[in-house]
Amino acid sequence: MNQMVTPKFGVGAPLRRKEDEPLITGQGIYTGDYQPEGCLHGVVVRSAMAHAKIRVENAPDVLAMDGVQLVLTGADVEGYTLPTMARLKQIDGTDHWLPPQPLLCPEEVRHVGDAIAFIVADDINSARNAAEMLEVDYEPLDVVIDIEDALAPDAVKVWPEHGTNVAFVFGHGSEAKTEAAFAEAEKTVSIEIVNNRIVANYMELRGCVAEYNSDTERYKLTLGTQGGHGMRDVICKVLGLEKDRIQVVTPEVGGGFGTKAFCYREYPLLMIASERLGKPVRWTGERMDHFVTDAHGRDNLSTAELALDKDSRILGLRVHVKAAMGAYLSQFAPFIPWVGTAMSSGLYDIPAVFAKTEGVYMHNVPTDAFRGAGRPEAAYLIERLMDKAGEETGLGPIEIRKRNFIKQEQLPYTTQTGRLYDTGDYGGHLDKAMQVADWAGFEARQAVSAKAGKYRGIGLCSYIEACAFAGGEEATVELGQDGTLTLLIGTQTNGQGHATAYSQVVAEKFGVTIDEVEVIQGDTDRVANGGGTGGSRSIPLGLPSVRDASDALVKKIKELAADRLEAGMDDLELDSGVVRVVGTDQQVTLAEIVAAGGETLSAREEVRQHEATYPNGTHICEVEIDPDTGDVALLNYVIVDDFGVTVNPILLEGQVIGGAANAVSQALCEHTVYDEDGQLLTASLLDYRLLRAADLPDIHFETRNVPSTTNAMGIKGAGEAGTIGGCAAVMNAVQKALKDGAGVTELIDMPATPLRVWEAIEAAK
């Protein structure tokens with residue numbers, strides 16, 4: 001029997017991250033570590049009210065304070081607005097309306113944290129003191145912060161000129177075909193569910209340093225991003241600049257999760273200030289800034305309904321998602337529920353689907369992409385609905401799924417919303433996960449818990465997502481004068497391990513170690529083009545280009561070496577910095593080859609793909625509930641995933657477990673709460689509960705891969721998958737524990753906090 005050999009480098013090698021040593025020894029450089037000489041400090045004055053007419057009273061007096069260099073208000077930056085980059089066709093064929101989002105609000109604020117003024121001073125304390133002294137007169141206006149209230153006919157309008165709080169109405173599938181399917185149904189099953197609003201809470205808060213060079217009339221921005229090129233392009237749009245006038249430099253980034261992909265008001269404000277003052281200006285956000293300004297995630301109120309025939313096979317699916325947008329349309333906000341509802345049918349063979357999405361304006365922080373960006377919401381909805389269908393038909397959670405899974409022989413399969421699933425074995429990973437989790441032995445374990453006065457539940461989620469969307473990522477590999485290898489690529493690591501993963505392929509092609517490959521990201525002057533990091537695109541789209549650029553450069557090197565060594569190209573090999581004639585001691589170093597040519601050798605390639613990749617898998621979660629306290633303890637968590645091809649199993653496992661932790665945190669802990677006046681009650685980590693390490697059991701993770709036919713290397717993206725499969729597995733387990741233990745029949749929404757769980761138990765009594 002042939003055994004697979006683990007490669008030393010290259011795809012499949014379990015290499016530890018080479019970028020970790022400087023980070024764990026305190027040598028990593030983040031935006032907060034960068035403070036150029038003579039740097040001034042900025043502070044944003046933010047609205048204390050959710051909706052009000054405003055007037056700034058004493059800006060000249062504040063400007064006269066010691067150390068204060070600049071006070072900007074709405075009138076000073078009139079006409080500068082943040083753009084919405086996602087504009088899509090509505091069901092009726094029209095473009096949706098775009099509200100203006102000014103850099104500083106001139107007359108009216110629309111959420112707590114809305115920007116009113118920007119103050120620059122010699123030092124941070126002077127800036128803060130000046131901000132405290134700025135007098136803002138508020139004339140309070142009515143507030144709406146609940147989705148259903150916002151959609152009521154008599155609701156206060158966030159944008160009266162728009163005439164409604166409906167931001168847009170999108171649709172996927174065929175309404176007529178779906179209605180016909182429901183007319184034929186033997187049985188229908190429905191669900192109404194909340195996907196709770198969450199705050200990203202990455203470890204490194206946002207910050208930025210702007211430097212204007214009057215000689216070159218260029219700006220340099222240093223900030224944590226998920227892609228400097230995209231950030232540059234949006235800021236150019238805001239300020240009306242050509243792209244060659246801005247350099248964006250991204251040092252180490254302490255977490256992104258989608259939320260650092262967007263242009264926030266501080267970045268163009270800093271540029272304006274730096275140009276006016278002729279000095280560098282920096283702004284560093286605090287945790288409170290993060291809660292009231294950085295884009296929030298999720299926040300959907302959704303209904304879904306299945307039409308089933310007499311054999312409990314699905315005839316049709318009807319979905320209606322009401323997606324909170326907040327006070328403005330953030331950079332990609334309309335795209336999030338649109339792409340999410342395209343995945344409404346999950347892994348199931350559903351011949352008729354209609355998914356409708358309404359965006360809703362409210363007086364709170366705008367929402368946008370957060371890890372998974374619409375696909376976790378879609379998976380959560382269909383997988384909670386499938387559990388309910390299993391209960392109401394008597395088939396249970398396993399049989400209802402297996403009866404309706406898309407079969408392997410049906411692949412490639414085009415869903416009714418237009419997604420093209422290429423490969424997979426959906427029943428296979430479900431069976432494997434059940435085996436590992438000992439699904440068959442659950443009832444015995446449940447009986448043990450019952451004897452101890454606890455409720456035990458087990459739940460699952462079999463998910464699929466779309467990621468690494470159509471497109472490409474340019475990669476350039478260079479051989480320098482000293483024989484060193486450098487990769488330049490426009491994705492942006494936020495902690496995923498890009499330098500290691502990319503270096504594995506370069507190292508394999510050139511016969512060197514991964515430490516001998518330098519990876520350059522995060523500088524728009526050094527890297528010509530880049531699509532950034534988001535949607536699990538970096539490795540699936542970036543690595544094929546890295547591979548092809550490496551191959552192209554190896555070919556150039558061999559051509560030069562063949563002449564020098566008087567050998568055929570097929571007789572040459574690259575190893576340890578030399579080109580050698582196979583089986584001889586004839587060789588030439590890479591440095592000698594470059595020196596002979598007199599200049600750096602390089603190759604640039606971009607491999608493009610024309611469809612997304614579709615990772616999929618099964619999560620199984622087992623919980624135990626204390627009925628006296630409502631506390632939910634996770635006892636076991638199993639993940640079996642299909643990622644097509646594994647590039648680095650260590651990096652992959654870290655990504656998936658981190659994503660699952662994100663999901664568990666949303667399911668059990670995280671809850672963003674506004675009061676009726678639009679005040680954010682959970683505006684700090686004292687009030688906003690995050691998952692702790694002690695809350696998680698050891699997570700079992702393994703792959704059952706079927707290579708992608710969409711991707712040039714068979715890879716399916718993995719950065720968001722853990723989050724997409726997690727929430728439904730946890731909540732289905734909680735729901736089963738409550739039903740079997742306490743007779744709870746009402747659906748419980750996220751987060752399943754101890755209070756909510758205890759209240760459900762008490763209500764059932």
Can you confirm whether [X] sits close enough to [Y] that some side-chain heavy atom of one is under 4.5 Å from a side-chain heavy atom of the other?
X: D299; Y: M325; value: no
X: L15; Y: I650; value: no
X: V744; Y: V757; value: no
X: V319; Y: I382; value: no
X: V647; Y: L652; value: no
X: I639; Y: T618; value: no

Between [X] and [Y], is any side-chain donor less than 3.5 angstrom from a side-chain acceptor?
X: D146; Y: Y674; result: no
X: K716; Y: S536; result: no
X: T672; Y: N196; result: no
X: D641; Y: H429; result: no

**Q.** ring pair (Phe, Tyr, Trp, His ring centres under 6.0 Å) partners for F469, two or more places apart
**A.**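 Residues passing ring pair (Phe, Tyr, Trp, His ring centres under 6.0 Å) with F469: none at all.
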Q. Can you name the residues that form a ring pair (Phe, Tyr, Trp, His ring centres under 6.0 Å) with F291, not counting sequence neighbours?
A. Y688
Q: List the atom of P751, the atom of Q666, and the distance in Å for their closest heavy-atom pair.
A: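 The answer is CB-O, 3.6 Å.
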Roughly how far apart are [X] [atom1] and [Y] [atom2], rounded to 0.5 Å?
X: R17; Y: I24; atom1: CZ; atom2: CD1; value: 10.0 Å
X: R756; Y: E759; atom1: CZ; atom2: CD; value: 9.0 Å
X: S462; Y: F405; atom1: OG; atom2: CZ; value: 4.0 Å
X: F701; Y: Q655; atom1: CZ; atom2: CD; value: 10.5 Å
X: I539; Y: T646; atom1: CD1; atom2: OG1; value: 12.5 Å
X: L315; Y: L306; atom1: CG; atom2: CG; value: 10.0 Å

**Q.** Summary of salt bridge (charged side-chain N to carboxylate O under 4.0 Å, His left out) pairs that have at least one residue in residues 371-381, sequence neighbours excluded
**A.**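 Non-adjacent pairs meeting salt bridge (charged side-chain N to carboxylate O under 4.0 Å, His left out): R298-E377, R375-E465, R375-E720.
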**Q.** Pairs meeting criterion salt bridge (charged side-chain N to carboxylate O under 4.0 Å, His left out) with involvement of residues 740-753, two or more places apart
**A.**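 Non-adjacent pairs meeting salt bridge (charged side-chain N to carboxylate O under 4.0 Å, His left out): K736-D740.
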Enumerate, atom names and distances included, each donor-acceptor pair closer than 3.5 Å involving a side-chain atom of residues 451-459, sequence neighbours excluded.
unit_1 : atom_1 : unit_2 : atom_2 : d
R456   : NE     : E622   : OE2    : 2.6
R456   : NH1    : S449   : OG     : 2.9
R456   : NH2    : E622   : OE2    : 3.1

Would a distance-only check, ignoring hydrogens and angles, find a side-chain to backbone donor-acceptor pair under 3.5 Å from [X] to [Y]?
X: Q496; Y: N494; result: yes
X: R704; Y: L430; result: no
X: H172; Y: W338; result: yes
X: T415; Y: R419; result: yes
X: T682; Y: V673; result: yes
X: N300; Y: S302; result: no
X: N636; Y: L634; result: no
X: D695; Y: L691; result: no
X: T423; Y: P707; result: yes
X: N711; Y: I715; result: yes

How would you list, by chain and number, every residue that makes a side-chain contact (heavy atoms from CB on, under 4.5 Å) with [X], sequence neighbours excluded?
X: P754; value: D631
X: E391; value: K739
X: E392; value: K187, V189, K388

Q) Is the distance between the ring centroids of F442 and W439 less than 6.0 Å? A)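 When the ring centroids of F442 and W439 are compared, they turn out to be at least 6.0 Å apart.
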Q | R313/N404 under side-chain hydrogen bond (donor to acceptor under 3.5 Å, both in side chains): CA gap, chis, key distance, verdict | A | CA-CA 6 Å; R313 287 187 168 82; N404 288 285; 5.8 Å; no
Less than 3.5 Å apart, which donor and acceptor atoms pair up between the side chains of residues 344-354 and the rest of the protein, not counting sequence neighbours?
unit_1 : atom_1 : unit_2 : atom_2 : d
S344   : OG     : T341   : O      : 2.6
Y348   : OH     : E383   : OE2    : 2.7
Y348   : OH     : R401   : NE     : 3.4
D349   : OD1    : Y413   : OH     : 2.7
D349   : OD2    : Q410   : NE2    : 3.0

(Q) Suppose we screen for side chain to side chain donor-acceptor pair (under 3.5 Å). Which residues come up paired with E179, at least two apart in sequence or across chains? (A)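 Expected list: R318.
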Q) Which residues satisfy the side chain to side chain donor-acceptor pair (under 3.5 Å) test with K310, sequence neighbours excluded? A)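 With neighbours one apart ignored, the set is empty.
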Q) Do you know which of E192, E148, E358 makes salt bridge (Lys or Arg N to Asp or Glu O under 4.0 Å) with K322? A) E148
Q: Take E305 and H320, measure what side-chain hydrogen bond (donor to acceptor under 3.5 Å, both in side chains) needs, and give me the verdict at the end.
A: CA-CA 9 Å; E305 190 174 10; H320 185 190; over 6 Å; no
Q: Give the ring-plane orientation class for Y637 versus H619, where under 30° counts as parallel, over 60° as perpendicular and anything between as tilted.
A: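 Judged by the thresholds at 30° and 60°, the geometry between Y637 and H619 is perpendicular.
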Q: Pick out which of V640, V436, L460 makes a side-chain contact (heavy atoms from CB on, under 4.5 Å) with I620.
A: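 One option only clears the test, and that one is L460.
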Q: Apply salt bridge (charged side-chain N to carboxylate O under 4.0 Å, His left out) to E399 and list each qualifying residue two or more places apart in sequence or on a separate chain.
A: R403
(Q) What I want to find out is whether E670 reaches R197 closely enough, with some N-O distance under 4.0 Å, to be called a salt bridge. (A)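 No.
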Q. Between T613 and T710, does a side-chain hydrogen bond (donor to acceptor under 3.5 Å, both in side chains) hold up when you go through it step by step?
A. CA-CA 6 Å; T613 68; T710 297; over 6 Å; no
Q: Given side chain to side chain contact (heavy atoms under 4.5 Å, CB included), test Y421 with Y426 step by step and report yes or no.
A: CA-CA 12 Å; Y421 301 169; Y426 311 144; 3.8 Å; yes
Q) Would T367 and H296 count as a side-chain hydrogen bond (donor to acceptor under 3.5 Å, both in side chains) if you check the C-alpha gap in whole Å, the side-chain angles of each, and the deciding distance to 0.1 Å? A) CA-CA 4 Å; T367 59; H296 291 178; over 6 Å; no
Q) Is it true that atom CG of D698 has more than 12 heavy atoms of other residues, nucleotides or ligands lying nearer than 6.0 Å? A) no
